[in-house]
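Remarks on the structure that follows.
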Amino acid sequence: MEQLQDKYKQLIDTANSEGVSNLQVTEQDNVLHIDGEAPTGAVKDKLWAVYNQLDPDFKAGDVVMNVNVAAGAGTKAKVTTDKTNLNIRKGPGTDQPVVGKAAHESTVTLISKTNDQWWLIKTDAGEEGYAYAQYLSPQ
Amino acid sequence: MKVTKTFLITALLSTLFFVGCKPKDADIKSDIEAKYKADADLSGLTVQVTDGVATINGECKDDATKTKSEEQAKSVKGVKSVVDNCTPPPPPAPPVVVSTDDALTKGVMDATKDFPTVKASVNDGVVTLTGDINRSSLQNLMKSLNTLKPKKIQNQLTIK
């Protein structure tokens, strides 16, 4: 129990000092589950940088860190794909038909969160549908 | 002058007299602590005594323990009243809820769609990654997989 908390102490300390809310650190089946809501995307990035430093290339398999950026309906989010446009789909899943595109680096509006993977969004052009949350950075 | 002196002596004596017949706060405190130490339920409590008022802090596992801590403190000579602030311990953290394999399989399919060289399998909540990936993409893939609520992520990827 203590060992994993010690190994990732810097990560937990960073989450605390950077103001991650609803922070829950639970060890279960030799995996440390870290849950919470980051105040900004920069804080989330910082946590991942610390995690990568403590466990280079995420090889140990002893952490599941689900800390996402707090964002409610109406939040503006930037499309942070590598370079392509982001698919907007009819439903929450890559098996769903593509009904539109959100341009790379454009800003969209969050309508609701289906889960941590899929958000219902609306583009400035009025296109509405589900996009993969990993590529959306709340502003 | 003489009157003043007599008055002072009287005052001093009476102070001594009253203090002498009343247990001191520090004694009351150690008496309560001694009682608490003898009881495993109460040994973790802290006691403060001011003017005969005993204040108890710490964790009482249940109402019966709280009542007992209060009664024990009250039974000590010199205690005028007891302020019992002991509270039940915080509930244990709820267990981590792991997604079903069906939900995980769908989520993993979505997360790995943009990484065709990555193979992923799901078994009893554990996501196992094989194949290869560029180091620059690894963190994005991991961020995505970590939101799926898996039990564990076994990363056996060759990092290029």
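Atoms considered below: every heavy atom in the structure, side chains included; atoms not considered: hydrogens, waters and symmetry mates. All values derive from a computational prediction rather than experimental measurement. Letters A, B, ... are given to chains in the order of the sequence lines, protein chains preceding strands, and every chain is numbered from 1.
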I would like to know whether B:K151 and A:V31 meet side-chain contact (heavy atoms from CB on, under 4.5 Å); could you show each step before the answer? CA-CA 8 Å; B:K151 188 179 186 179; A:V31 174; 5.9 Å; no
Measure the [atom1]-[atom2] distance between [X] and [Y] for me, rounded to the nearest 0.5 Å.
X      : Y      : atom1 : atom2 : value
B:N140 : A:W48  : CG    : CH2   : 9.5 Å
B:L148 : A:N66  : CG    : CG    : 8.5 Å
B:L157 : A:D57  : CG    : CG    : 9.5 Å
A:Y132 : B:D114 : OH    : CG    : 9.0 Å
A:D82  : B:S136 : CG    : OG    : 7.5 Å
B:M142 : A:N52  : CE    : CG    : 9.5 Å

Got a donor-acceptor contact below 3.5 angstrom from the B:D110 side chain to the A:G93 backbone?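 No, because the side chain of B:D110 does not come within donor-acceptor range (under 3.5 Å) of the backbone of A:G93.
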Does any part of the side chain of [Y], heavy atoms only, come nearer than 4.5 Å to the side chain of [X], both counted from C-beta?
X      : Y     : answer
B:K152 : A:D29 : no
B:I159 : A:K59 : yes
B:V96  : A:Q24 : no

Please classify the contact between [X] and chain A as side chain, backbone, both or neither, with a heavy-atom cut-off of under 4.5 Å.
X      : answer
B:K143 : both
B:Q139 : both
B:L129 : neither
B:K113 : side chain

Any salt bridge between B:K149 and A:D35, counting N to O under 4.0 Å?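 Salt bridge: no.
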Chain B contact via A:N87 - which portion, at a heavy-atom distance below 4.5 Å: side chain
Cut-off 4.5 Å, heavy atoms of chain B, and the answer for A:V64 is both
Distance-minimising heavy-atom pair for [X] and [Y]:
X      : Y      : result
A:V63  : B:N146 : O-OD1, 4.0 Å
A:Q134 : B:S144 : OE1-N, 3.3 Å
B:L138 : A:F58  : CD2-CD1, 3.8 Å

